[in-house]
Every structure is written in structure tokens, then in C-alpha cells.
There are 2 protein chains.
Amino acid sequence: MATVRAALVQEASAQFTSRQPLVLVVDDDPDVRASLQDMFESVSLETAVFESTAEMLQHGIPDRPCCLVLDLRLPGTGGLEFQAQLREMNQFVPIVFITGHADVATSVRAMKAGAIDFLPKPFRQQELLDVVSHALRTEGEKHRDGGERNTVRRLGESLTPRETDVLRGVARGLLNKQIAYELGITEITVKMHRSSAGRKLKSISVADMLRKIDLLGI
Amino acid sequence: MATVRAALVQEASAQFTSRQPLVLVVDDDPDVRASLQDMFESVSLETAVFESTAEMLQHGIPDRPCCLVLDLRLPGTGGLEFQAQLREMNQFVPIVFITGHADVATSVRAMKAGAIDFLPKPFRQQELLDVVSHALRTEGEKHRDGGERNTVRRLGESLTPRETDVLRGVARGLLNKQIAYELGITEITVKMHRSSAGRKLKSISVADMLRKIDLLGI
DNA sequence: TGGCTTCCCATACCGAGGTATGGGGCGCGG
DNA sequence: CCGCGCCCCATACCTCGGTATGGGAAGCCA
């Protein structure tokens, strides 16, 4: 029963995987927050503003196309450290830095760490808007691509250990016979696992199966 | 005969595909050129220096792991424009910018355009050395990966049009029967093309063939 | 304990791919 | 002109993968 519920929740979240994009703003200056929120919402971009990185982390990173507008200098965790933290958490949200205290070394550091832009204040609002919308567009595409992978990954979870063993062999282009030998079992049993795995992954063709296998990272 | 010669030349170039790395330096200041060349050669890195981007283009981009140390401000074509030019020519040499006239906007522009670093003068020599060696290491790996692709690509050149048609179908996971229907020919003929293509690509297994097919971009 | 999953094995049959061996037609270049 | 490569077709045979239908053994949990 519990597992059924979990499955349903996953289904639901999968359905909304390509939802409306969201702009995240972290800046300690209330005026800047308000002004940016106004700007983004004036072009119908949903926006969430935060005073600090800690506050943002509390809300968690939502599962939708995001773009983070991040002040470089912040009380508590600064922009660059936060960028590093997100990276460590495997959260690859595109980041646009904004700052009143820009210098070349910092900007280069931020960009090398994967920021998509770095705007010294003052900047033209349109400039920020362009960068953010472009990022959201590409994020949207990534999200869709990721959706397919998640679907496959969910299918893959139902695979038994033995089945993944067999699939590893298949991916290497081995014959059932050879796989059987390597695993120390019969070819017939390999066939069982293989076809069972094929059913679970809903693969009609070998090509399809191979694609899904390396999508699963097996 | 001519084609045999060509084939031999290709063989030869393929053999040397993962040669020693090379540092390219473009700077209009003779002192800088000399000093950088000394530095790189002191750690046994082969180095080629140029006074202008035009001069470098004349020599062509060598087929080996490269890293370009590029002055931002140059007589003639400037650093940023040159970066754009290389991009248009599909030459993805990693670029480290060095400049005495650094500003944030320029550095960000350079990084967004794909530069791997941006060092305002004066910088510590060791810093540049670290960046360049790191770049050369990753380039070396890329080069090796590309080698395998080139090998396959060469094999792929001997494929007849019809054979690639069939392979397209195989990649889509179609049955020979279906491929035959789509091409308006018999299943038997499809088998012929398929096995012939398999021989040419030296693929023993289906998995192997599929890998090579998308390596060929079919 | 009984029921569940997982893993293992076997026989038999079918459809698909691979190969070998026949053949014919077309176009291009020595 | 003839040879060569490409494209097409056919028959026959073998192997491989997929499936169906039997079964047995071990572990886990209500």
C-alpha cells in the first residue's frame, strides 16, 4: 500500500516535470528585491525572493526550470560560496550574479565556476531580463530531456540485481551464451532475466534497450 | 594509386593524433612573448609565439592538444574577435586571455564566449602555468577520444549510400523487414547491406554497431 | 506456516538475423 | 569492350533471441 502511494506521488510529480519557469532572487537589499520582483512579474515570470541563501535553502530548490539571480555580497554565506554549495549538492541551477562591488578576479572566478553571467550594478534591467529568459528557455529544454531519463530510471528501479548483471553483458554486446558463462549460469536463465528486464524497461527493440541501459548508467 | 597515397597519409596522421601538446602565444609585446616562451619551455612545453592573430592563422591550427594564450588588446584583430573567428571556424582551442587593460565587462564577455581563464597583468607566472597545463591535460584526453571517432569515421567512408540507409533503420531499432518496407526493397537485400556494413565497420555485435552508428552521426 | 519474490533449470517452438551460393541489371572508367 | 562496384533478388541453412510452459530451491515477511 505504501509503495503504491509512493508510486502515485512520483507519477504526479512526473506529470508536472515541465511546469512554468521560476526566477529565484537572493539579495539582502529589500529595495533591490522588490524592484527585481516587479520587473520579472511584469513579464509574467513567477518570482521568489529571498533575503539570504539560508532562507532560500530552507524552501528547497523546486523541481521546475529555474534561474537564480544572486547577489555576490551577502550577510552569512556569500554568493560564491553558495554557488559552490549548490554544486556540491548536485544542484545545477543557472546563476546570474549581480553586484555593486565588482572586480575582474571575482567575476572570472564566478564564471569559471559555471555562472551564466555576471552583472555589475548598475545594469540595464533589460540586460538582466534577456539573460534570465534565455537561461529559462534552455533550462526548460533540459527539464524535458531529464523527464525521459527519470521515467526510465523509475522503470529501472524495479530491476533485480541479477537482471542488471545480465543487462551489463548485453550492453557490452555479449551473446547470451557468454553472459551465462561469465555469471556462471545457463543461457536459458540469462534469457529469462533478459526478457524480464526488457519487459520492465518496456523496450521493444535491442536498440531501445541499449539506449535505456546507458541512460540508467549501468 | 592516388587514393592509396591518401589513405596512407591518413593512417600516418591518425598515428600521431595524440602527439605532444603545444602552447600557442599571441602577444604584440616582444618582451612578453620571449618571457612566456621561456617559462613554458622551462617546463618542457613546446611553444609557438606570434605577434598577431593573422600570423597565427597563417600557420594554421596544428592537429594536436593545444592551448592558446591570447592577449586581449592587439593591433589588427583583437582577442575577442579572434575568439569569435575561431568559434566560427569550429576550432575549439581552449583560450586563456591575458591583458593589461582588464575590466569586468570584457572579462565576463570573454568567459561567456568560452575562454577557460582571464588573467589581468600582472599575474603570477605559476598561475598561468597551472591553467595552461590543466587545459592541455583535458585537451589530450579529448584528442584521444576524438581519435577513436576518426577511426570509425574513416571506416564509415567506405559505406555505400544504401548501406547508410539501412543503418539508419537499424539505429532506430527497426526489424530488417520494416527497413525493407521503408526502402521499398526485400528483406534479403536489407540483410546483405546490413552485413556488408557490419563488415566494413568491423562490428562484431549489434551493440558495437549501434555505438559506431551514432559515432558516425547517421 | 503459507505466500511472495527471486533465482535457477529444462524442453520445445518460432521468428529474426547472418551467411553462403546462386543469379541479373546498371553505370563508370580503363 | 570488359571489368568492377553497386544494387537488387532468391533458396537454403545455422545460430541467436524471445516466449511459453513446465518445474525446484532459498529467503523474507505477515
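Among the atoms of the strands shown, only primed sugar atoms or phosphate atoms (P, OP1, OP2) are found under 4.0 Å from some heavy atom of B:Ile185. Residue-level contact check: B:Leu175 touches the backbone only, with heavy atoms under 4.0 Å from sugar-phosphate atoms and none from bases.
Phosphate proximity of D:dC8 to B:Thr186: absent, as no side-chain N or O sits under 4.0 Å from OP1 or OP2. Remark: A:Asn176 is not in phosphate contact with D:dC16, judged by side-chain N or O atoms under 4.0 Å from OP1 or OP2.
Place A:Leu174 and B:Arg162 on DNA chain D by their nearest nucleotides, and B:Arg162 ends up nearer the 5' end. In this structure, A:Lys191 and A:Lys200 both approach DNA chain C, and ranking their closest nucleotides by distance from the 5' end singles out A:Lys200. Comparing A:Ser195 and A:Lys177 by the nucleotide of DNA chain D that holds the closest heavy atom to each, the one mapping nearer the 5' end is A:Lys177.
Here the C1' atom of nucleotide D:dC7 and the CG atom of B:Leu159 are 15 Å apart, to the nearest Å. Regarding B:Ile204, its CD1 atom lies at a distance of 15 Å from the C1' atom of D:dC16, rounded to whole Å. Across the protein-nucleic acid pair, B:Glu163 atom CD and D:dC6 atom P stand 7 Å apart, rounded to whole Å. Atom-to-atom, CG of A:Leu167 to C1' of D:dG17 comes out at 14 Å; the value is rounded to the nearest Å. Distance, B:Leu183 CG to D:dC6 C1': 15 Å, rounded to whole Å. Between B:Asp165 atom CG and D:dC6 atom P there is a gap of 14 Å when expressed in whole angstrom units. As rounded to whole Å, 14 Å separates atom C1' of D:dT19 from atom CZ of A:Arg194. At whole-Å resolution of the value, CD in A:Glu187 and P in D:dG18 are 11 Å apart.
B:Ser52 contributes a side-chain N or O that, together with a main-chain N or O of B:Glu55, makes up a donor-acceptor pair within less than 3.5 Å. Using modelled atom types, one side-chain atom of A:Lys212 and one backbone atom of A:Leu201 make a donor-acceptor pair closer than 3.5 Å. Side chain of B:Gln178 to main chain of B:Leu175: a donor-acceptor pair is present (N/O by atom type, distance under 3.5 Å, no hydrogens or angles). The closest donor-acceptor contact from the side chain of B:Ser196 to the backbone of B:Met192 lies at 3.5 Å or more, if one exists at all.
Of the listed residues (A:Leu72, A:Leu36, A:Val25), just one forms a side-chain contact (heavy atoms from CB on, under 4.5 Å) with A:Ile98, and that residue is A:Leu36.
Salt bridge annotation for A:Glu163-A:Arg199: absent, with no cationic side-chain nitrogen under 4.0 angstrom from a carboxylate oxygen.
Put simply, the side chain of A:Pro94 reaches to within 4.5 Å of the side chain of A:Glu139, judged on heavy atoms.
Read 5' to 3', the first and last nucleotides of DNA chain C with an atom closer than 4.0 Å to a heavy atom of chain B are C:dA16 to C:dT19.
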